[in-house]
Amino acid sequence: MLLKLENLSSHYGTVQALSEVNLTVNEGEIVTLIGANGAGKTTLLRVISGLVRPSKGQVAFADQRIDQLPPDEIVRMGIAHVPEGRMIFPAFTVRENLLIGGVNRLDQGRPKEEVEAEMQKDLEAIFKLFPRLEERSGQYGWSLSGGEQQMLAIGRGLMAKPKLLLLDEPSLGLAPFLVKEVFSIVQTIRDQGTAVLLVEQNARMALRAADRAYVLETGSIVVEGPAKELLHADEVRKAYLGG
Amino acid sequence: MEYILETKGVTKRFGGLVAVDAVDLQVSRGEIRGLIGPNGSGKSTLLNLISGVYLPDGGDVCFNGEQITRLAPHRIAELGIARTFQNNRLFLNLTIQENVMVGQHCRTKSELSQALFRPRSSKAEMLQTRRKAMECLDFVGLNRPPEFIVAGLPHGERRLLEIARALATEPEVILLDEPATGMNPSEKDRIVDVIRKIQEAGITVVIIEHNMPVVMGISDLVTVLNFGRKIAEGTPKEIQHNPDVIEAYLGEDDEEEGSSDAVEARES
Amino acid sequence: MHRRLILVVTLALTLVMGLWGAVSAEEWIPIEEFTIGKVLHMTGDVALTGEKQRKGLELVLDETNAAGGINGVPIKVIFEDDLGTNPGAIAALNKLLYDHEVVVTFATVRSTMVHALSPIIEEEEIPAIFGGSAWSLSELRNPWMFRVRCDDRTVGTAMAKFLVENLGHKKIAALHDSDSFGTGGYQETARALKELFDIEPTTVQKYASGTKDYTAQWMAIRDSGATAVFGWGTRSEDDGIILRQRKEFGLDNLDYVGSASYSSGTTRDIAGDTAFGVHSLADFSWNTTDPYQQEHIKAFEAKYGFLPDTDTTWTSTGMIVFVDAIKRADVLKTENGKHYMRPVKETRRRIRDALRETKDLQTPLGKANCDVWQNLIHSINVIQVVPEGERYISTVTVDFELYQ
Amino acid sequence: MNTILQLLFSGIAMGFVYALCALGIVLIYSSAGVVNFAQGSLVMLGAYIGVTFLTKAGLPVILSVICSAIVMGFVGVLFERIAYYPLRDQGSTIVIISTIGVSVFLNDGVYVLWGRAPLFFPPLLGGPPLELLGARVPPQNIAIAVITLALLLFQTMFFKRTWLGRKMRAVAQDQDTAALMGIKVPKMIDFTFAYSTILAAIAGIFAAPLFFVSPAIAQILSKAFASTVVGGFGSIPGAIIGGLCVGVTETFAAYYLSSAYRDAWAFLLLILFLLVRPQGIFGEIVAEKV
Amino acid sequence: MQRTSFRKSIFYLVLIAIAVLIPQIVESRYYMSVLNLASIYLILAAGLNIYLGYTGMMGFTQVAFWGIGSYASALAMINLKMPFWTALPFAALFTGLIGFLLAIPSMRRLKRFYLSVTTIGFVEITRLILENWESLTKGADGLPGIPRPVLWGIKFNTPHKFYYISLFFVIILTAFSYLLKNSRVGLAMQAIREDELAAEVMGVNTFRYKVLAFTLSAVYGGVAGSLYAHFVGYISPNVYVFQEAVTVLCMVLIGGAGYVGGPVIGALLLTIVPEWLRFMHEYKALVYGVAVVLMAVYMPKGILGATEQIRTRIRQRVFGEKNAPVYPGQ
């Protein structure tokens with residue numbers, strides 16, 4: 001088991017965002033977490049990546065507790081988080097944005113030249129995955145379109161060489177054909193050996209792409225199971241659009 | 001027919017992004033209008049345009065048939081449109097009562113000189129303001145001591161307080177931005193009750209809400225936005241089964257085409 | 001019978017009481033020591049001068065006490081910090097007057113502070129000695145204040161005379177700090193130039209204290225065609241920058257005559273060779289030929305290890321003037337090892353009168369003579385900064401009208 | 001001698017000093033969101049530390065610049081830990097207050113350590129002034145211009161090419177996302193403060209031969225603020241251009257309008273900008289979040 | 001409710017009674033003059049409190065208003081031969097007018113930090129004008145011989161006598177601060193401090209109240225200036241410098257911004273404590289700087305904020321009052 005959340009609760013100021021969440025991600029699978037806005041999906045990812053401290057419960061990654069670690073150490077352990085809204089560094093070029101994604105590898109005590117060479121190779125691999133990014137490698141982050149930003153954000157996450165990629169709403173604000181492209185890339189990533197925890201509002205798409213799924217409603221998991229089974233489950237529609 | 005609140009092709013751009021794209025919205029007096037849509041679809045921006053927080057790049061906002069497009073927010077509040085915010089914007093270091101009393105500001109008149117000399121009229125007005133504040137608190141069912149400082153209030157009660165504060169402006173229309181977010185089921189029920197009561201009091205409600213049971217349960221009509229555009233409008237029932245809406249929320253239900261990529265990717 | 005007795009007793013009592021009162025008015029009060037107050041800069045941006053003032057004062061104080069005080073009564077000086085601000089100075093003076101109950105006091109060397117203190121001094125009738133040089137202080141006509149430093153009118157006149165008579169200039173530019181000291185000095189110099197020689201400055205350039213660049217001022221002076229500049233400055237850094245830039249712009253061919261700060265040790269330290277050749281009107285010069293002043297320098301250096309300057313000498317002078325006046329005022333006596341002073345009001349009045357009669361008293365700043373404006377010092381030294389230190393040129397004494 | 005050119009050159013020299021101080025303010029603002037009211041005092045402290053190494057310890061020029069920079073770097077971290085870190089979530093006003101407290105402390109603290117008299121700082125580049133197109137420019141002024149431009153070049157390279165520079169830039173743009181990249185955000189903020197303070201030290205050391213070393217140096221703070229606003233608050237090129245604008249404007253206005261009001265011109269320029277172009281020359285992207 | 005307000009009134013009455021009796025008890029003119037200065041600073045701080053504490057804007061202009069008020073009052077008395085009792089209101093109104101004219105463009109245009117920077121400039125420009133407009137202000141030399149106030153033939157020429165004038169204005173202006181804070185207008189100002197946008201949307205004309213707050217703080221500055229001019233009898237531009245602005249700012253913050261009593265405590269503390277600290281000489285400013293930083297870190301809401309927090313905690317612990325108002329920062 002790669003990632004395991006046990007009885008996880010969290011508060012945002014006075015709001016209880018998560019209550020008693022249990023969730024696992026195995027190696028090499030895409031797990032999706034779906035639910036309406038405000039259900040607590042983003043908070044869950046922020047807890048995993050260490051930006052928010054849980055108020056109760058545990059997070060274990062590769063059999064190690066990580067819920068008290070700072071975000072930078074969690075990245076080094078192999079969790080990359082692609083945040084909601086992409087959060088591209090606007091004043092960085094595409095290339096710089098990608099490079100900064102791999103910056104944690106420098107702090108692992110290996111010789112700098114070796115790491116830089118390795119990163120150069122990974123950079124090329126990412127450009128292969130996203131040819132658009134290579135075309136725009138000299139452009140500034142702010143000048144990219146939404147779809148390009150999303151690809152950049154994913155590419156930046158991959159530069160960390162993660163064992164687990166946390167993706168927060170990659171389809172947000174994207175035109176449908178781009179959404180498809182993004183999801184196919186997510187699967188490619190999985191196939192290259194990186195587990196993915198995908199948070200999505202676009203439930204159908206996410207369920208089609210994922211292996212397993214959890215449905216979150218106001219901070220609690222209400223349904224879980226194989227993604228395909230949930231694809232047409234009534235609970236899902238209810239969670240989004242109500243009775 | 002005369003609508004109480006109407007937007008005509010209202011548009012707002014941020015940089016290159018069109019957040020609200022030529023939206024026409026007609027709200028009739030006394031109804032509860034739900035406003036839904038996925039994240040980033042422009043709902044809050046629309047509310048900000050109506051309440052005057054943003055100036056639109058195009059189109060008009062009308063209230064009771066009069067243009068209010070370029071009025072300052074406080075003027076719009078004075079005319080009778082009140083609102084709450086998505087992320088509580090209460091006056092944290094003031095008391096509960098004072099928060100609601102600020103809402104009464106545009107309905108009272110005391111000026112500096114009255115503050116200094118405290119004539120009988122101004123005292124009476126202050127008393128009236130306090131009483132009104134207590135009424136509003138009662139209305140939403142918030143029964144804390146009035147001098148309780150808001151910073152110590154739990155989330156659910158803050159939501160109610162925001163509504164009470166908006167009600168204190170004695171509005172004809174109240175805009176609620178996600179009032180039920182982060183609430184537990186019993187609190188949600190309370191909010192629903194309050195919104196019903198507001199409607200009963202003759203106030204028109206426009207509500208943005210992600211919690212579908214809430215919004216579908218109380219709305220007379222629901223308007224759906226996606227990518228800044230209005231994609232559907234109808235009764236909750238219609239909306240729940242509108243394919244466009246389902247697509248906007250759940251993604252395309254397009255088995256063959258949608259799965260092809262996925263299958264391909266998996267098999268490769 | 002009874003009634004007569006009562007009458008007699010009452011009368012007798014009244015008489016005794018009356019006599020008692022009369023006698024007590026003449027009575028000398030027993031005291032431990034004679035106290036003098038000093039409002040001093042201890043904090044704020046001019047605290048540097050405070051320390052020096054204190055040393056100058058203590059030099060004379062220690063000498064006086066070593067010689068047995070005045071009529072056997074030891075003298076004590078109490079210092080209070082003016083915090084570098086006018087309100088601070090007011091608080092300090094009040095503290096001296098009412099908490100320490102000093103008999104006489106020193107005000108400060110800053111004219112604006114002396115202005116702020118003047119109403120208290122006048123209302124409370126305290127003999128006060130000050131070092132502020134602004135002529136406007138004389139115009140207050142405060143009967144209790146005495147100046148022991150050359151006033152701006154005297155310096156301005158001496159400066160004008162030196163510029164025209166000794167250096168032979170007719171085209172003269174002015175450069176001055178826009179603070180009280182700089183403006184006052186400039187106005188007096190310009191007035192003297194006008195009245196004595198009918199010369200108007202070719203240009204008048206002002207600057208605010210702490211200005212870091214004087215290009216505009218120097219360009220304007222150069223463009224005005226002046227052959228000499230007179231400068232009134234307060235702060236050594238400002239003087240230093242002015243002199244450095246004068247050299248950088250190649251304007252060191254213009255004769256420069258500056259106020260006292262231009263020859264101060266600090267200015268010379270930081271200005272280095274750019275100060276050479278500059279004339280300065282200094283209250284005090286190390287190279288005077290006056291034997292009394294040379295002796296003062298020796299004594300000062302022996303005690304503190306550095307040379308006295310304007311800041312130290314005005315307080316030394318003030319102390320000498322006070323001691324002399326108190327001696328003459330006949331307000332202190334010692335009998336059987338006990339010290340006595342006349343009643344405070346009378347003591348103060350007598351000291352004031354004695355101060356007014358100060359005549360030909362030797363001080364480090366020259367002979368002290370009280371004139372009608374209650375200014376005591378009337379001579380100023382013209383010196384020139386040279387690589388070896390300074391060159392004493394002359395001492396200019398301006399005519400004055402003795403107090404009578 | 002050409003008056004206009006002379007005024008221009010002097011204005012530019014002053015402008016570079018303002019720019020160096022402004023640069024430190026901008027860097028701290030963009031990485032930590034703090035308006036540092038102590039930057040002027042840090043410039044002053046840099047000059048004092050520089051003069052100590054140079055004249056008291058008798059080190060050669062280069063070595064004393066380096067030593068001062070190191071010492072000031074530590075001062076910067078200390079400053080951050082005391083006046084910023086405990087208050088980082090408290091809102092900007094209270095941080096402004098604490099930086100004001102630090103500046104009060106420093107302005108009088110130097111008296112205790114270095115005495116009251118202003119100190120002489122020998123020019124790092126001595127020699128007679130150069131004749132340039134009929135104007136005289138002291139070598140020190142050229143040194144200031146060169147060092148500022150060199151620093152800017154170095155800084156650009158450092159921020160563009162090195163990993164540390166990239167990390168610092170990432171933190172300045174978005175602290176949360178930077179943390180997600182595995183960057184130690186608090187450490188980067190330490191570095192930014194250290195770097196800004198080192199800039200202050202360099203500004204102090206290069207300005208000291210012109211100004212002499214005294215707490216009056218701290219007064220350039222207000223001009224530096226004016227520079228940041230004129231240039232566009234938060235913009236690095238803006239700080240430089242803003243500094244030059246302020247320096248040149250005040251020098252020319254002092255000559256042509258009134259030297260007594262010299263300090264007012266910088267502020268009038270600032271007010272003019274605020275009224276006409278509040279985002280400054282380079283413009284800060286401001287979006288009010290609702 | 002009724003009882004606490006009664007107790008409060010008694011408390012204030014006792015305070016005022018003590019304040020009135022002070023000159024009878026304190027003989028030292030030194031302490032009385034310190035108290036007079038403290039009163040003047042108190043009024044300055046109370047003005048800043050309206051602007052900073054109630055309305056939540058940061059600025060340093062108070063010291064410039066102080067200067068303008070001083071000169072307006074002194075010149076009105078010297079040149080226009082006004083008696084003190086008309087010169088003071090004249091100065092207050094004149095300063096208020098300047099504040100109003102300054103506020104209109106600033107409040108419309110400037111946000112956040114820009115306002116603080118602009119106000120630094122305003123302080124500097126005011127001082128330069130006072131120093132250089134020699135025909136009116138007599139320049140750097142200052143204006144000597146400003147007449148003392150006279151009322152019914154009594155000349156207020158000693159700190160003991162003048163104290164009653166200072167006290168009168170302190171009470172009036174503090175009372176006004178109190179009435180303002182608890183009025184509709186004051187509530188609107190506090191709403192702006194807490195959340196400007198929310199206040200605007202609730203129907204508060206934020207621009208108008210910000211201008212009003214700024215103008216009122218200017219009026220307070222004018223009164224303080226007038227009192228200062230006539231208490232000292234001499235004014236000069238070198239008094240109204242940026243450091244004084246920082247001092248006044250610290251008074252408000254240390255006492256507790258937004259509390260009516262904040263400036264009272266802050267001004268008394270920061271005028272009287274430095275007098276006690278006289279023995280520390282040059283270290284005083286150091287202590288001051290350290291105190292400001294410590295204050296910011298440990299007591300961001302000032303002394304009154306801290307005591308209120310402690311009181312609430314005690315009430316919660318000891319009496320178990322769950323509903324006791326809770327203050328942020330706990």
Thinking salt bridges, do [X] and [Y] make one under a 4.0 Å N-O criterion?
| X | Y | answer |
| --- | --- | --- |
| A:E84 | A:K41 | no |
| A:R46 | A:D168 | no |
| A:E118 | A:R110 | yes |
| D:K167 | A:D72 | no |

Part of [X] lying under 4.5 Å from any heavy atom of chain D:
| X | result |
| --- | --- |
| A:L106 | side chain |
| A:E73 | neither |
| A:L166 | neither |

For this session: May I ask you to decide if A:A91's main-chain N or O and D:Q173's side chain share a donor-acceptor pair within less than 3.5 Å?
Result: yes
Exercise. Based on non-hydrogen pairs under 4.5 Å, which of A:S49, A:P90, A:G102 is most in contact with chain D?
Worked result: A:P90
Seminar exercise, completed: Note: vs chain D, highest number of non-hydrogen pairs under 4.5 angstrom among A:V103, A:N104, A:I88 is A:V103
